[in-house]
Amino acid sequence: MQKLARKDERIVAITPAMPVGSKLTGFAEEFPERMFDVGIAEQHAATVAAGLATQNMKPFLAIYSTFLQRAYDQVVHDICRQNLNVFIGIDRAGLVGADGETHQGVFDIAFLRHLPNMVLMMPKDENEGQHMVNTAIKYDNGPIAMRFPRGNGYGVPMDNELHTIPIGQWEVLREGTDAVILTFGTTIPMAMESAMLLEKQGVSVRVVNARFIKPLDENMLHEIFSSELPVLTVEEAVLQGGFGSAVLEFAHDVGYHNAVVDRLGIPDHFIEHGSVKELLNEIGLTKEGIIDRVQSLLPKKQKRA
């Protein structure tokens, strides 16, 4: 955001009392007149962002997933209904470990995905993340949100030149002919490792970086379902109304009534405090869980011990 703000004076940052947690201190030091900490007032933060967008500004609303819940009404009426160019940075998306059980960022997909005009995305690493930030700033067709997790990046090489990512375009990370894993964000490394282990068992699995949760990559879904490949969706978010639900809705609405789809994610109960690793193990959101689910989707002749 700082890099882009040096070239575009319309960019402003807004946070509801989370400048340190959302890593906006550097932005505030460089652009003090373009940084707004509105205090613990999430609804006000969302409405301020909407107001600025009406004046051709480019507001970046940095807000924790769990606190975005408090501003839901404003996101609906002030941002989405008016189709305003607000960029929402959803911090702490997914399980949060040390932040505690009230901060688990697992509901935002379910409560944003159904809103008209909303674009929702999540990068696989920090390099793709910077390109998504650039994509969001360049996007002029309404609200756009990027989820990102608590913690450090993976340490991948960073591109010097920023580019935009076509809205709704997924990325195939690994080719496969027996099944498909659709996932995004923090669960991608888990899916890739699972696919490699399955390969050793004679099962070829395609892994897709489904980086746009809304809109879906309908071209790729048509190709997958018309090929009659079984699909496993994996998400570090609640299953009810989540990404997997979106894939099932697509299959139903388009008429792929024989599609084989399984979903792995967070079950219908509140997740308590614990390290992310402990919590993932507790709910079965692991490489072993992915392998078991993929195996269960395959015809018996393809399964390996």
Side-chain angles (χ1 to χ4, degrees), residues 1-42 44-65 67-68 71 74-75 78-80 82-93 108 112 117-167 185 211-212:
M1 289 300 298
Q2 279 178 259
K3 183 186 293 186
L4 292 169
R6 293 177 191 128
K7 299 178 180 179
D8 190 342
E9 294 184 351
R10 299 176 302 159
I11 295 174
V12 297
I14 305 162
T15 181
M18 289 289 164
V20 176
S22 290
K23 301 294 185 289
L24 285 172
T25 51
F27 189 99
E29 290 170 3
E30 186 169 353
F31 308 107
E33 76 286 358
R34 291 155 63 185
M35 166 71 187
F36 302 96
D37 181 353
V38 303
I40 304 176
E42 291 83 2
H44 179 58
T47 300
V48 165
L52 287 166
T54 67
Q55 303 305 304
N56 199 37
M57 301 296 283
K58 281 286 185 177
F60 170 55
L61 174 59
I63 190 167
Y64 288 15
S65 172
F67 298 144
L68 184 58
Q74 286 68 31
V75 172
D78 297 340
I79 296 175
C80 289
Q82 299 185 80
N83 200 31
L84 295 172
N85 296 140
V86 175
F87 173 25
I88 306 175
I90 306 176
D91 196 352
R92 267 66 169 176
D108 58 85
L112 290 177
N117 299 324
M118 177 62 73
V119 171
L120 182 59
M121 55 189 179
M122 188 172 191
K124 66 178 184 292
D125 55 39
E126 62 268 37
N127 187 48
E128 187 170 67
Q130 69 168 346
H131 296 306
M132 279 193 177
V133 169
N134 187 52
T135 299
I137 293 299
K138 298 292 194 296
Y139 185 68
D140 287 324
N141 295 321
I144 186 167
M146 185 182 86
R147 311 176 78 239
F148 53 97
R150 181 183 187 273
N152 297 326
Y154 294 110
V156 302
M158 300 291 282
D159 297 332
N160 292 323
E161 295 295 325
L162 297 178
H163 63 259
T164 58
I165 302 171
I167 300 297
R211 54 196 175 186
F212 284 94

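These values consider heavy atoms only, across backbone and side chains, with no hydrogens, waters or symmetry-generated copies.
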Does G21 offer a backbone N or O that forms a donor-acceptor pair with the side chain of R92 under 3.5 Å? yes
Starting at CG of L162, measure out to OG1 of T135 and round the result to the nearest 0.5 Å. 9.0 Å
Restricting to non-hydrogen atoms, name the atom on M1 and the atom on V133 that form the minimum distance, rounded to 0.1 Å. SD-CG1, 3.4 Å
Tell me whether the count of non-hydrogen atoms from other residues, nucleotides or ligands lying under 6.0 Å of CD in E9 goes above 12. no
Side-chain donor-acceptor distances from residues 146-156 under 3.5 Å, at least two apart:
residue: R147; atom: NE; partner: D108; partner atom: OD1; Å: 2.5
residue: R147; atom: NH2; partner: G105; partner atom: O; Å: 3.2
residue: R147; atom: NH2; partner: D108; partner atom: OD2; Å: 3.2
residue: R150; atom: NE; partner: D99; partner atom: OD1; Å: 3.2
residue: R150; atom: NE; partner: D99; partner atom: OD2; Å: 3.2

Any non-hydrogen side-chain atom of M122 less than 4.5 Å from a side-chain atom of M132? no
Of all the heavy-atom pairs spanning A145 and I90, show the shortest one and how long it is. CB-CD1, 3.9 Å
Kindly say whether G142 contributes a backbone atom to a donor-acceptor pair with the side chain of N117 at under 3.5 angstrom? no
I'd like to check the salt bridge (Lys or Arg N to Asp or Glu O under 4.0 Å) partners of K58; sequence neighbours left out, ordered by chain and number. D140
Roughly how far apart are H44 NE2 and D78 CG, rounded to 0.5 Å? 11.5 Å
Check: D159 side chain, E161 main-chain N or O, donor-acceptor pair, under 3.5 Å: no
Just by modelled atom types, is the P19 backbone N or O under 3.5 Å from a matching donor or acceptor in the S22 side chain? no
About how many Å separate OG1 of T164 and CD1 of I137, when rounded to the nearest 0.5 Å? 12.5 Å
May I have the step-by-step check of side chain to side chain contact (heavy atoms under 4.5 Å, CB included) for L24 and F60, ending in yes or no? CA-CA 11 Å; L24 285 172; F60 170 55; 4.1 Å; yes
Which is it for L112 and L68 under the side chain to side chain contact (heavy atoms under 4.5 Å, CB included) test, yes or no, and what are the steps along the way? CA-CA 10 Å; L112 290 177; L68 184 58; 4.0 Å; yes
Q74 side chain near E42 side chain, heavy-atom distance below 4.5 Å: no
Which pair of heavy atoms, one from A50 and one from L84, lies closest together, and at what distance? O-CD1, 3.4 Å
Using modelled atom types only, decide if a donor and an acceptor are shared between the side chain of N85 and the backbone of A53 within a distance under 3.5 Å. no
Determine the minimum heavy-atom distance between A45 and L61, stating which atoms define it. CB-CD1, 3.8 Å
N127 to M158 - nearest heavy-atom pair and separation: OD1-CA, 3.5 Å
Residues H163 and N134: side-chain donor-acceptor under 3.5 angstrom: no
To the closest 0.5 Å, what do you measure between NE2 (H131) and CD (E126)? 11.0 Å
Should V48 and F36 count as side-chain neighbours, where that means a heavy-atom distance under 4.5 Å? no
Taken to the nearest 0.5 Å, the spacing of Q55 CD from R10 CZ works out to 13.0 Å
Quick one: does I63's side chain get under 4.5 Å of P16's, heavy atoms only? yes
Residue pair I144 / I88, side-chain heavy-atom distance below 4.5 Å: no
Minimum heavy-atom separation for M18 and T15, please, with both atom names. N-OG1, 3.2 Å
Would you check, one step at a time, whether the test side chain to side chain contact (heavy atoms under 4.5 Å, CB included) holds for E30 with R6? CA-CA 9 Å; E30 186 169 353; R6 293 177 191 128; 2.7 Å; yes
Please step through side chain to side chain contact (heavy atoms under 4.5 Å, CB included) for the pair I14 and M35, ending with a clear verdict. CA-CA 6 Å; I14 305 162; M35 166 71 187; over 6 Å; no
Roughly how far, to the nearest 0.5 Å, is the CZ atom of F67 from the CG atom of D91? 10.0 Å
